[in-house]
Amino acid sequence: MEISNYSRIFKALSNEQRLRIFMMIYERWKKERDAALIPAEEGCCAVDRAFTKICSCMKLSRSTISHHFKELQAAGLITCERDGQSYKCRINEKSIESIKHFLK
C-alpha cells in the first residue's frame, strides 16, 4: 500500500466521531463474522441498522452519519452497496490487514 493510502486512512480516522463510527461498524462486523452468523465472504452488516444504532448512541443526525460513512468509504475502510431498499456495508479487510502490517 502506498503512503498516500495510509495518509487517507489515518486522516479519515483522525476525526473522533468517525473513529467511533468505524469502531462500532468494525466490532459489529467482527462479532457477526466470528460467530458465523454471516458467511466470511459476505462480511457485511446492514447500514440502515448501523445508522439507527449510531444515531441513537452518538446523537448525530442521519446526514452527519452519512457524511462520515462517505469519508470512511473514500478512505477505503468500508464499501457500501445498495441491496433493495437498504445498503450493505462491508469492512475492507485488505485495508485492515495493511494497517496491521504498517503498525507492526
side-chain contact (heavy atoms from CB on, under 4.5 Å) assessment of His68 paired with Asn15: CA-CA 9 Å; His68 289 315; Asn15 178 286; 3.7 Å; yes
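Atom NZ of Lys94 sits about 14.5 Å away from atom CD1 of Ile99, to the nearest 0.5 Å. Put simply, CG on Leu77 and CD1 on Ile25 are 9.5 Å apart, with the number rounded to the nearest 0.5 Å. To the nearest 0.5 Å, atom CD1 of residue Ile78 and atom CG of residue Asn92 are 10.0 Å apart. Taking CD of Glu71 as the reference point, atom NE2 of His67 lies at 4.5 Å (rounded to 0.5 Å).
With sequence neighbours excluded, no residue forms a side chain to side chain donor-acceptor pair (under 3.5 Å) with Gln73. Residues satisfying the side-chain contact (heavy atoms from CB on, under 4.5 Å) criterion with Lys100, sequence neighbours excluded, are Tyr26, Ile96, Glu97. By the salt bridge (Lys or Arg N to Asp or Glu O under 4.0 Å) test, Glu27 pairs with no residue at all, sequence neighbours left out.
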Throw together a table of side-chain donor-acceptor distances under 3.5 angstrom for residues 1-14, partners on residues two or more places apart or in other chains.
from	atom 1	to	atom 2	distance (Å)
Asn5	OD1	Arg8	NH2	2.3
Tyr6	OH	Ser98	O	3.4
Ser14	OG	Lys11	O	2.7

